[in-house]
Structure formats: C-alpha cells, structure tokens
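Right, one structure below, let's go through it.
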Number of protein chains: 2
Amino acid sequence: MKQQVKEQFNHFLSRKHLKTTLQRNLVVDAMVELDRHTHVDELYLLLRAKHPYIGHATVYRALRLLAESGLVREINLGDGITRYRLARQGERRDYLVCSDCGGVTEFENGLVEKEQLKRAHSLGFMVESFKIELKGLCRHCQGRNSRTH
Amino acid sequence: MKQQVKEQFNHFLSRKHLKTTLQRNLVVDAMVELDRHTHVDELYLLLRAKHPYIGHATVYRALRLLAESGLVREINLGDGITRYRLARQGERRDYLVCSDCGGVTEFENGLVEKEQLKRAHSLGFMVESFKIELKGLCRHCQGRNSRTH
DNA sequence: ATCAATGCAAAACTTTTGCAGTAGC
DNA sequence: GCTACTGCAAAAGTTTTGCATTGAT
C-alpha cells in the first residue's frame with residue numbers, strides 16, 4: 001500500500017520532470033501511515049522528531065505537490081488551517097464538523113452526490129472535486145449542555 | 001429592505017447588550033447594497049472611500065457579528081480569504097467554484113439537502129449550517145482549452 | 001554538469017489583539 | 001458616567017518566497 005502510493009507519486013514527479021527526494025518520500029510515508037486528517041504543522045513536528053533537518057517550507061511544498069498529484073486531498077474547514085489526508089478509493093467527501101470540539105466525522109451518501117453532479121452538469125459545469133460540509137454539534141457535545149465559547 | 005435588515009441587526013445587538021454604532025450601520029448598509037460575495041478588504045476600501053476614518057479591524061469585527069447574527073453568511077472557498085454575503089430567504093448554499101476563473105455560481109437542490117440532513121441526524125449530529133461546494137470548470141472556461149496555471 | 005530541491009530566515013498574507021481615546025446607552 | 005467601540009499599530013498565525021547550498025538525474 002505504501003509502496004503503491006510512493007510509486008504513483010514518483011511517476012507523477014517524473015512526468016513533470018521533478019525529482020524524487022528523501023524529504024518527499026518521508027512526507028508520503030507519513031501521510032500513508034497516518035491515514036487521517038492532518039495539517040502541515042503536525043506533520044512537520046512528526047517528521048522533525050526523526051529527521052531534525054527537515055524544513056517547514058519543504059513540508060508545505062511536498063503537500064502541495066501531493067495534492068496536485070491527486071494522491072492527497074486538501075480540506076478546508078474554515079478555521080484558517082489547510083488540512084490534508086490521503087485520498088483513497090471509495091473516499092468520503094462529506095464532513096460533519098462539530099463547532100464545539102472541532103471533531104470531524106466523515107460520511108458518504110452516493111445518492112446525494114449523483115444528484116448534485118446531475119444538477120451541476122445541467123448548468124454546464126464540469127466537476128473536478130466535490131465537498132459537502134455540515135457544521136453543528138456532534139452527539140458527544142450535545143450531551144455537555146454548556147458551550148463556553 | 002435595508003431598513004429591515006438594519007432593524008434585525010440592531011435587535012440582535014440590543015439582545016446581547018451591544019451598541020448600535022455608525023460603523024456597524026455602515027457595514028450593514030454596504031452588505032445590503034452589494035448583495036453579493038465580498039471580503040473584508042473590498043468592503044474596507046469601499047467604506048474607506050466615503051468614510052476615511054474607518055478601521056480595518058472594525059470591519060472584521062462588524063462582519064463577525066453580522067455572521068453571528070445570521071444576517072450574513074460566511075463562505076470559505078479554500079483560498080485563505082473569508083468571504084461574506086447577505087443571507088436571504090430561499091438562500092442557496094451550494095456553490096460551483098470554477099478553478100480556472102474563480103467565478104462562483106450558486107444553485108440549490110432542496111432534495112439533496114433534505115437527504116443530507118436525514119443522514120446527519122441518523123449519525124446523532126445536530127446540524128447548524130450546511131455547505132456544498134463543487135470545484136471544476138464553468139461553461140465559459142471549458143471553451144478556452146489552455147489552462148495557463 | 002546541470003538544474004531542481006532543501007533549509008533557513010524573512011516576507012507576505014489574513015485575521016486578532018492591546019490600548020488610549022471616543023461615543024453610545 | 002459607565003462601558004463598549006473605534007482606529008491604529010503591533011502581534012499572531014499560516015503560508016510563501018529568496019537565496020546560498022546540497023543533492024538527484
């Protein structure tokens with residue numbers, strides 16, 4: 001699985017006449033191992049623990065490339081932080097974001113997506129990516145009545 | 001229309017023991033007149049042209065309050081800029097964002113939204129706000145074959 | 001050997017905050 | 001008169017960029 005993603009990324013790089021580097025491999029490995037939402041700073045600290053000389057900018061640049069390759073998805077929840085996660089088959093693109101604890105639950109509703117695509121096409125729009133985002137209170141935070149912010 | 005929105009905002013302010021000020025009224029007026037997506041800086045420059053002593057921070061603070069009141073909606077398209085637009089009845093919350101020209105087309109699909117709410121509820125999630133965002137190429141940009149970025 | 005990638009630091013960017021002065025209630 | 005609001009500037013936060021050096025092809 002890790003090898004497969006890495007190969008796809010290297011293929012993407014060579015097609016664009018870019019270079020396969022240690023740091024880019026480290027970022028890919030970390031994303032595959034994590035296999036969940038993360039953001040640049042978390043990844044940076046994680047990698048830095050094992051490889052003291054990796055730079056902030058390099059992680060940004062690698063993630064941008066990975067997003068461009070389609071192997072990783074960029075997610076923007078409106079809190080000013082760009083999140084990333086490994087893309088996968090049967091990927092869920094629907095997010096429930098809890099406005100209390102910030103937790104993200106993913107779900108999927110193929111019926112809805114099919115319907116939306118149909119509408120978009122009828123408006124002459126060629127869809128490349130898709131995101132549904134619901135904000136509210138998750139089951140857990142509904143229990144705690146007090147919302148202290 | 002402008003009066004109605006302004007009254008609703010003033011009501012919101014007094015409920016929270018906040019004050020109705022010249023600057024807050026200016027921001028509400030501008031949002032009602034514009035009646036389209038905008039962002040802080042555009043609004044700031046627009047207001048500053050007529051009222052030289054309005055501050056950047058004040059516009060930020062007023063828009064945050066307006067969003068909190070529900071009279072204005074916050075929209076995040078993932079480019080790091082928070083956009084705002086006047087909320088309205090029968091409001092559309094579904095966006096087609098063209099990745100070439102950056103244009104935003106809004107549409108609405110009640111069926112889809114109802115279906116999504118049902119799914120969220122079945123997951124124990126209490127929905128407060130809703131957003132669907134499709135990225136791709138609009139009709140116009142599909143015509144121009146070359147994508148130069 | 002060439003040219004891209006790296007790490008660092010500084011810059012750029014949007015948004016927030018601290019504070020002295022001002023204005024609404 | 002009290003307390004919130006304003007404008008300014010500075011701070012905070014994320015992301016990008018410039019540059020000399022290193023490393024991949």
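Atom set for the values below is all heavy atoms of this structure, side chains included, hydrogens, waters and symmetry mates excluded. A, B, ... follow the sequence lines: proteins, then strands. Residue 1 opens every chain. Because the structure is a prediction, the values reported are computed rather than measured.
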Closest contact, heavy atoms only, [X] versus [Y]:
X	Y	result
Ala87(A)	Gly70(A)	CB-O, 3.5 Å
Tyr44(B)	Ile54(B)	CE1-O, 3.5 Å
His39(B)	Thr82(B)	CB-O, 3.6 Å
Leu47(A)	Val27(A)	CD1-CG2, 3.8 Å

Side chain to side chain, [X] and [Y], heavy atoms closer than 4.5 Å:
X	Y	answer
Tyr84(B)	His37(B)	no
Leu86(A)	Val32(A)	yes
Arg83(A)	Val40(A)	no
Asn10(A)	Asn25(A)	yes

*With the 4.5 Å side-chain cut-off for hydrophobic clustering, are Tyr60(B) and Leu18(B) part of the same group?*
yes

Between His17(B) and Gly55(B), whichever has its closest DNA chain D nucleotide further toward 5' is His17(B)

Which ones in [range] lie close to DNA chain C, meaning a heavy atom under 4.0 Å from one of its atoms?
range	result
residues 29-41 of chain A	none
residues 43-54 of chain A	Arg48(A), Tyr53(A), Ile54(A)
residues 19-26 of chain B	Lys19(B), Thr20(B)
residues 58-68 of chain A	Thr58(A), Arg61(A)

One should read off an interatomic distance between Met31(B) CE and Leu71(B) CG, to the nearest 0.5 angstrom, of 10.5 Å

Rounded to the nearest 0.5 angstrom, the CG-CG distance for Leu13(A) and Leu65(A) is 6.5 Å

Which of Lys2(B), Arg24(B), Lys6(B) passes side chain to side chain donor-acceptor pair (under 3.5 Å) with Asp29(B)? It is Lys6(B)

For Arg36(B), the salt bridge (charged side-chain N to carboxylate O under 4.0 Å, His left out) test, sequence neighbours excluded, returns Glu42(B)

Here the distance between atom P of dA5(C) and atom CG of Asn10(A), to the nearest Å, is 13 Å

When you measure from the side chain of Arg85(B) to the backbone N and O of Asp35(B), does any donor-acceptor pair fall under 3.5 Å? yes

N/O donor-acceptor pair under 3.5 Å between Arg73(B) side chain and Ala67(B) backbone | no

Students should find that the nucleotides of DNA chain D closing off the region near chain A, any atom under 4.0 angstrom from a heavy atom, are dT14(D) to dT25(D)

